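Reviewing the structure listed below.
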Amino acid sequence: MIERDLEKQLDFILKGVEDVLLPDELKTLLSNSIKNDKPLNIKLGLDPTAPDIHLGHTVVLTKLRQFQDLGHKAILIIGDYTARIGDPTGRSVLRPSLSPEKIDENAKTYMSQAFKILDESKTEVVKNSTWLEPLKFSEVLNITSRFTIARMLERVDFKKRFSNNLPITIMEFLYPLMQAFDSISIKADIELGGTDQRFNLLMGRELQKEYGQKPQIAITMPILVGLDGVQKMSKSLGNYIGVNENPNEIYGKVMSISDNIMIDYFNLLTRLPKNEIYEMQNDMKNGSLNPSVAKRKLASIIVENLYDKNAAEDAGNNFNRIFKDKAMPEEINEYIINKKNYPSGKIKATTLLTESNLCSSNSDAKRLIDQGGLKIDNNKVSDINLELNLEEINSKIIQKGRRFFLKLVVK
RNA sequence: GGAGGGGUGCCCGAGUGGCCAAAGGGAGCAGACUGUAAAUCUGCCGGUUCACGCCUACAUAGGUUCAAAUCCUAUCCCCUCCA
């Protein structure tokens with residue numbers, strides 16, 4: 001079951017990672033696992049604080065999936081107990097705590113999305129309330145006695161808050177310890193996390209040592225840049241691709257990323273071998289590979305990962321149809337016009353655009369027409385004041401720019 | 001508790017009485033180009049109007065002025081320093 005070739009394993013494991021603590025230990029760990037044919041416990045903890053995930057979150061999931069592919073055991077920890085505190089990482093204020101119901105609800109949607117990446121049949125899912133809830137206070141004391149305040153304050157978030165006289169609750173101090181305790185409970189060999197998790201991952205090592213376990217290897221993954229190519233992918237910045245978006249949308253959004261962040265995406269979001277990615281990079285550099293071809297491949301892989309091969313193919317075809325052949329997509333949303341609302345039997349083109357939400361205002365609609373961006377049944381409209389006869393436009397297709405289509409239905 | 005700085009359009013940010021619907025950048029939209037929804041270039045980018053204009057807008061509420069984002073007063077919020 002386990003990939004026998006150590007170099008091959010390393011090749012996949014190290015692809016795209018930000019940092020490994022410690023690389024030498026990782027090597028021996030892997031070769032022992034191969035020798036004894038014993039899969040490693042790969043830990044990934046998720047706090048179900050946000051219900052929706054985007055590609056940025058899948059970086060670490062993809063890495064975990066890669067471990068699964070290599071024959072290791074993925075253990076996904078739902079931080080239902082830790083979520084009650086909230087990870088203080090990157091926070092300058094105390095997180096509002098979530099109700100257990102909300103956490104449960106989040107966890108469900110979170111999981112269903114995470115399993116688009118992970119192989120569900122090979123994933124062990126556990127809630128950390130399983131062991132954190134029944135923990136005795138004496139045990140908590142035992143854990144806390146092994147760490148000092150100074151050690152905790154090494155952490156930047158805490159240090160900043162402390163020196164700025166912002167409150168840090170003792171509870172928050174406990175967070176990294178709880179996460180560390182998770183590692184003990186499942187006997188983690190390797191824990192994955194984002195770069196910001198570095199401190200927490202290290203705590204796991206320390207505590208494992210204290211408990212006489214072999215300390216875990218910590219592997220951190222870099223932050224994924226968003227569609228703008230500059231800032232990190234995040235929902236609030238609007239530069240994200242949601243895991244639940246439809247295939248066409250995902251495909252198109254991937255095609256809209258800058259050529260120069262493509263390789264990062266290949267490294268972090270696909271499971272292609274390192275050398276294949278390297279080759280593509282080279283070929284693009286020397287001109288033998290057109291970047292658009294590579295990007296199509298990327299888009300297609302990402303859609304396939306989240307859906308399936310067919311969806312990826314369809315999305316690719318759809319993209320060709322619209323942007324290469326400049327034709328219409330296969331499926332077009334309908335927009336229903338209610339005759340009753342237009343007793344004259346006519347509707348202004350601008351009104352239609354705003355009513356259907358293609359444009360945000362009449363001025364916007366006028367601008368669009370003015371700039372030559374409106375087509376009705378493939379004919380460019382250039383008259384701002386154009387009035388359309390309801391009978392005539394039934395089942396016709398209006399197009400805004402290159403990407404937005406609506407099929408009119410007059411009822 | 002004291003001292004100071006600040007709140008501007010979707011975001012960042014300039015503007016300190018009229019030339020301000022408000023520089024510049026980003027995002028967004030459109031056009032050109034392109035085997036890319038890449039890059040690049042061009043235009044647009046509060047609402048309404050064919051247009052002149054009008055309306056709404058620079059934290060909130062009042063006020064001074066022919067005229068305020070800009071001055072005054074009060075209120076709310078944010079930040080920095082001191083205690």
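Below, each value reflects all heavy atoms present in this structure, side chains not excepted, and no hydrogens, waters or symmetry copies. So you know, we letter chains A, B, ... as the sequences are listed, proteins then strands, and number each from 1. Predicted, not measured: the structure shown is a model, and the values here were computed from it.
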Test A:Leu374 against every option in A:Ile369, A:Thr350, A:Leu352 by the side-chain contact (heavy atoms from CB on, under 4.5 Å) rule and name the one that passes.
->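 Testing A:Leu374 for a side-chain contact (heavy atoms from CB on, under 4.5 Å) against A:Ile369, A:Thr350, A:Leu352 leaves exactly one candidate, A:Ile369.
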Can you tell me if the side-chain N/O atoms of [X] get under 4.0 Å from OP1 or OP2 in [N]?
X: A:Ser363; N: B:rU48; value: yes
X: A:Lys400; N: B:rC29; value: no
X: A:Asn290; N: B:rG35; value: no
X: A:Lys324; N: B:rU34; value: no

[X], nearest nucleotide to its side chain (from [options]):
X: A:Ser292; options: B:rU34, B:rC44, B:rU36; value: B:rU36
X: A:Arg367; options: B:rU36, B:rC50, B:rC45; value: B:rC45
X: A:Asp259; options: B:rU36, B:rA37, B:rG47; value: B:rU36
X: A:Val293; options: B:rC29, B:rG35, B:rU49; value: B:rG35
X: A:Leu368; options: B:rA30, B:rU36, B:rA37; value: B:rA30

If we call it a pair only when both distances are under 3.5 Å in a Watson-Crick or G-U wobble match, what pairs with [N]?
N: B:rG1; answer: B:rC82
N: B:rU36; answer: none
N: B:rC10; answer: B:rG26
N: B:rA59; answer: B:rU75

Whole angstroms only, please: what is the [atom1]-[atom2] distance between [X] and [N]?
X: A:Leu298; N: B:rA37; atom1: CG; atom2: P; answer: 15 Å
X: A:Tyr251; N: B:rG35; atom1: OH; atom2: P; answer: 16 Å
X: A:Ile250; N: B:rA37; atom1: CD1; atom2: P; answer: 18 Å
X: A:Asn385; N: B:rU49; atom1: CG; atom2: P; answer: 10 Å
X: A:Lys366; N: B:rA51; atom1: NZ; atom2: C1'; answer: 10 Å
X: A:Asp370; N: B:rA30; atom1: CG; atom2: P; answer: 15 Å
X: A:Phe319; N: B:rU34; atom1: CZ; atom2: P; answer: 15 Å
X: A:Lys253; N: B:rU36; atom1: NZ; atom2: C1'; answer: 17 Å

Taking only the [atom1] atom of each, what is the distance from [N] to [M] in whole angstrom?
N: B:rA61; M: B:rA69; atom1: P; answer: 14 Å
N: B:rU16; M: B:rG6; atom1: P; answer: 12 Å
N: B:rU73; M: B:rC54; atom1: P; answer: 33 Å
N: B:rU80; M: B:rA14; atom1: C1'; answer: 22 Å
N: B:rG25; M: B:rG31; atom1: C1'; answer: 22 Å
N: B:rC52; M: B:rC10; atom1: C1'; answer: 30 Å
N: B:rG28; M: B:rC78; atom1: P; answer: 32 Å
N: B:rG63; M: B:rA68; atom1: C1'; answer: 12 Å

Looking only at atom types and distance, does a side-chain atom of A:Gln371 sit under 3.5 Å from a main-chain N or O of A:Gly373, one as donor and one as acceptor?
->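 Checking the backbone N and O of A:Gly373 against the side chain of A:Gln371, no donor-acceptor pair under 3.5 Å is found.
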Note to self: Has A:Lys400 got a side-chain atom pairing as donor or acceptor with A:Leu368's backbone, closer than 3.5 angstrom?
What the structure shows: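 It does not hold such a pair.
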- Query: Given A:Thr82 and A:Asp47, is the side chain to side chain donor-acceptor pair (under 3.5 Å) satisfied, shown in steps?
  - Reply: CA-CA 7 Å; A:Thr82 29; A:Asp47 276 5; 3.3 Å; yes
Please classify the nucleic acid contact of [X] as base, sugar-phosphate, or nothing, using heavy-atom distances under 4.0 Å.
X: A:Asn318; value: nothing
X: A:Gly372; value: sugar-phosphate
X: A:Asn362; value: sugar-phosphate

(Q) Can you work out whether A:Gln371 or A:Ile384 has the more 5'-proximal nearest nucleotide on RNA chain B? (A)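 Counting from the 5' end, the first nearest nucleotide belongs to A:Gln371.
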Here's a test of your reading of the structure: between A:Val254 and A:Leu374, which maps to the more 5' nucleotide of RNA chain B?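 The 5'-side residue here is A:Leu374.
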### Message
One thing to verify: whether A:Lys102 and A:Glu105 come together as a salt bridge, which I'm taking to mean a side-chain N less than 4.0 angstrom from a carboxylate O.
### Response
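Judged by the 4.0 Å cut-off on N to carboxylate O distance, A:Glu105 and A:Lys102 do form a salt bridge.
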Self-check item: Heavy-atom pair with the smallest gap, counting every atom of A:Asp189 and A:Leu29
Solution: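 Heavy atoms only, the tightest pair is O-CD2, 3.8 Å.
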Practice task
Kindly indicate whether a cation-pi arrangement holds for A:Lys15 with A:Phe12, taking the cut-offs as under 6.0 Å to the six-membered ring centre and within 45° of the axis.
Solution key: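 No, cation not above the ring by the 6.0 Å, 45° rule.
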task: Please evaluate the base of B:rU36 for a donor-acceptor partner in the side chain of A:Lys326 within a cut-off of under 3.5 Å?
output: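 A donor-acceptor contact between them is absent.
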Supply the atom-to-atom distance A:Leu224 CG to A:Met233 CE, rounded to the nearest 0.5 angstrom.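 Rounded to the nearest 0.5 Å, the CG-CE separation comes to 5.0 Å.
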